[in-house]
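Numbering of ligands and ligand atoms starts at 1, following listing order. Every heavy atom of this structure was used, including side-chain atoms; hydrogens, water molecules and symmetry mates were not.
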Amino acid sequence: MTKSQILILTSNDEIGEKLTNILHQNEDFHISRVNDVINLESAIASTSPDLIIWDGQDNLTDLPQLLTNFNDHHAEISVILLGNEPTYAMVLNALRGGCVDYLCPPFIEEDVLSIVNNSLKRSRKSEQSQIILSRMTEGIMVINPEGRMIFINHAAKQTFELETGNLIGKHYKEILHNTDLIALLEPYHTAENLHGEISLSDGRVLNCQVTTIPEIGYLISLQEITHLKELDRIKTDFVNAVSHDLRSPLTAILGYVELLERVGEVNPQQKEFIQRVRLSVQSITALINDLLDLGRIEAGFDSQKEITPLGAIVRYSLEGLSNTITSRSQVLELDIPAETPFVLGNPVRLRQMCFNLISNAIKYAPIGGKIRIQISATDEHVIMQVSDNGPGIAPQDQPHIFDRFYRASNQPADASGTGLGLAIVKSIVEDHQGRVWVDSLLGHGSTFTVVLPIVEKP
Ligand code: ADP
């Protein structure tokens with residue numbers, strides 16, 4: 001077994017010698033001495049101590065700061081604070097500075113040996129955890145509340161091609177230069193949990209999760225997801241290609257179905273069958289159009305944006321829906337100011353987003369039900385709300401309704417759909433740097449809220 005390295009930091013020769021003599025009784029200990037905190041770093045470099053016995057009496061006023069700095073740089077080394085004349089403040093400083101124990105006169109052999117042994121045992125355990133963390137293939141970093149690095153494992157160093165020198169204690173902005181990561185970490189001390197994707201210069205993509213660890217700081221974990229992104233791209237390409245190739249034959253089928261009735265007499269039963277074929281082809285076409293739209297929005301093909309008044313967009317989308325509202329005897333309440341703020345957007349997509357939300361409200365509100373559309377604004381955002389008094393959405397369904405193909409359980413039997421409408425809404429809103437969410441109470445109705453950033457009219 002290799003010997004445990006113990007470094008005693010004291011300018012008091014008498015104490016230094018006394019402790020050295022006691023500790024020498026254990027043959028597994030190797031004892032070194034340093035008499036001034038100024039020489040501590042070089043002593044650490046030459047002895048690689050597992051444990052430091054630190055005489056706090058020498059630098060009483062700077063002690064808390066010295067201990068905190070030390071911990072930031074050498075979290076792997078345990079410290080026992082030594083106090084010749086122990087005071088309450090000193091013990092408190094020791095605890096706050098992360099010391100594992102406290103030694104004070106009289107130095108009784110048995111006590112000293114047992115305190116040192118226990119501290120070494122604890123530091124071995126934490127050493128094991130450090131080894132496990134450092135060998136993980138996931139990148140792990142921990143920063144303290146001031147943004148200084150207190151732990152970084154090998155995988156994280158490799159990912160960001162960091163030099164092998166001592167990174168501990170440095171501010172993360174000094175060592176990490178990945179712009180995605182810096183942008184993601186920017187609000188680290190105000191946000192509860194952050195996560196996002198970051199791209200590396202070699203094309204790899206990482207999922208980055210920032211978790212708050214109370215009293216310690218922030219844990220940043222990095223998992224490579226390049227293969228998942230690639231699979232997602234292949235799947236999207238496949239869906240787009242299939243959707244595209246299906247559209248032409250469907251258009252042909254619909255065309256011939258329309259012709260059937262014109263080329264000769266059909267009996268009422270044949271007429272009904274033709275109508276069913278027509279409806280089925282129309283619903284597959286709607287599904288394919290939705291899929292192609294999603295693909296286009298996600299691929300960023302609609303990047304052309306112009307300054308658009310949201311109120312006009314809502315009124316425009318209502319034009320295509322007013323007949324359905326009338327046929328369902330529903331009441332439409334509009335609370336839209338004559339002049340609504342401007343947003344920077346793609347008018348076609350914004351209309352599609354409004355159309356999807358309003359047509360859902362119409363579809364899910366009962367016959368004779370109520371639909372309300374409201375537009376309001378804050379200094380920086382325009383808020384659109386579409387409410388209905390339909391069946392509402394169960395709490396367990398609410399987190400999923402913006403996913404592709406998700407259809408909640410309590411929808412009315414006559415409400416047909418593809419489960420893609422809200423996925424399209426979400427993609428459009430996010431493409432416009434906005435947010436969308438639902439507030440809903442089962443049996444009472446739902447309110448969908450869209451918040452978009454306002455732009456100044458030129
Ligand atoms: P769908 O084509 O099924 O309407 P959406 O993506 O538009 O697909 O909506 C997903 C699911 O969310 C719907 O199937 C429905 O269960 C629920 N939903 C959406 N809007 C409403 C609403 N206004 N009221 C109640 N449920 C709704």
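Between Arg278 and Glu258 there is a salt bridge, since at least one side-chain N of the basic residue sits less than 4.0 Å from a carboxylate O of the acidic one. We find that Glu319 and Arg315 are not joined by a salt bridge, their nearest charged nitrogen and carboxylate oxygen being 4.0 Å or further apart. With salt bridges taken as basic N to acidic carboxylate O contacts below 4.0 Å, none links Asp388 and Arg372.
The closest donor-acceptor contact from the side chain of His432 to the backbone of Gly434 lies at 3.5 Å or more, if one exists at all.
Remark: ligand 1 atoms within the under-4.0 Å shell around heavy atoms of Lys363 are 1 (P), 2 (O), 4 (O). With ligand atoms numbered from 1 in the order given, ligand 1 contributes 5 (P), 6 (O), 7 (O) to contacts under 4.0 Å with heavy atoms of Gly421.
Protein heavy atom at the shortest distance from atom 26 (N) of ligand 1 is Ile393 CG1, 3.3 Å. Nearest to atom 3 (O) of ligand 1 among the protein's heavy atoms is Arg407 NE, 2.5 Å. Ranking protein heavy atoms by distance to atom 23 (N) of ligand 1, first place goes to Asp388 OD2, 2.8 Å. If you check which protein heavy atom lies closest to atom 11 (C) of ligand 1, you get Tyr406 O, 3.6 Å.
For atom 8 (O) of ligand 1, the candidate residues are Gly419, Ala286, Gly417; the nearest heavy-atom contact is made by Gly419. The heavy atom nearest to atom 6 (O) of ligand 1, considering only Ile371, Leu422, Asn360, Ile401, is found in Leu422. Compare Phe405, Tyr364, Phe402 by their heavy atoms: the one nearest to atom 4 (O) of ligand 1 is in Tyr364. For atom 2 (O) of ligand 1, the nearest non-hydrogen atom from the set Leu420, Thr418, Asp397, Asn389 comes from Thr418.
For Tyr316, there are no side chain to side chain donor-acceptor pair (under 3.5 Å) partners, not counting sequence neighbours. Legend: residues meeting side-chain contact (heavy atoms from CB on, under 4.5 Å) with Gln385, ordered by chain and number and at least two apart, are Gln374, Ile383, Thr447, Thr449.
Residues Ile373 and Leu318 have side chains in contact (heavy-atom distance under 4.5 Å, counting atoms from C-beta outward).
Of the heavy atoms in Ser446, only side-chain atoms (C-beta onward) come closer than 4.0 Å to ligand 1.
Ring planes of His400 and Tyr406: tilted class, angle from 30 to 60°.
The shortest N or O to N or O distance between Ala423 and ligand 1 is not below 3.5 Å.
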